[in-house]
Amino acid sequence: MSMTIEYVRFACADPEQLASHRNRLISVLRERYGSDFLGAHLARYEDTPLIDLIL
């Protein structure tokens with residue numbers, strides 16, 4: 001079994017709006033990948049860009 005890690009750094013005009021839709025994205029990933037979806041993590045740098053890490 002192999003694991004895929006998606007790591008994306010990006011800027012967002014409205015991080016709060018992005019975060020408000022996050023639960024829906026995670027639900028879609030869980031539906032599609034089942035137990036193979038290990039998690040999604042969103043973090044913010046001090047200088048504003050965001051990191052999205054999906055396992």
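Position 1 is the first residue of the sequence, and the numbers go up from there.
- Val8 is connected to Leu50 through a chain of hydrophobic side-chain contacts under 4.5 Å among Ile, Leu, Val, Met, Phe, Trp and Tyr, so both are in one cluster.
- Taken together through direct or relayed side-chain contacts under 4.5 Å among Ile, Leu, Val, Met, Phe, Trp and Tyr, Phe37 and Met3 form parts of separate hydrophobic clusters.
- Taken to the nearest 0.5 Å, the OH atom of Tyr7 stands 8.5 Å off from the CG atom of Leu53.
- At a threshold of 4.5 Å between non-hydrogen side-chain atoms, the residues Asp52 and Phe10 count as touching.
- With values rounded to the nearest 0.5 angstrom, Leu55 atom CG is found 9.5 Å from Thr4 atom OG1.
- Considering CG of Leu29 and CD of Glu6, their distance stands at 8.5 Å, rounded to 0.5 Å.
- Taking CZ from Arg44 and SG from Cys12, the interatomic distance works out to 8.5 Å, rounded to the nearest 0.5 Å.
- For the atom pair Ile26 CD1 and His21 NE2, the distance stands at 13.5 Å (nearest 0.5 Å).
- Minimum heavy-atom separation, Arg22 to His41: NH2-N, 3.5 Å.
- Atom CD of Glu16 sits about 9.5 Å away from atom CG of Leu18, to the nearest 0.5 Å.
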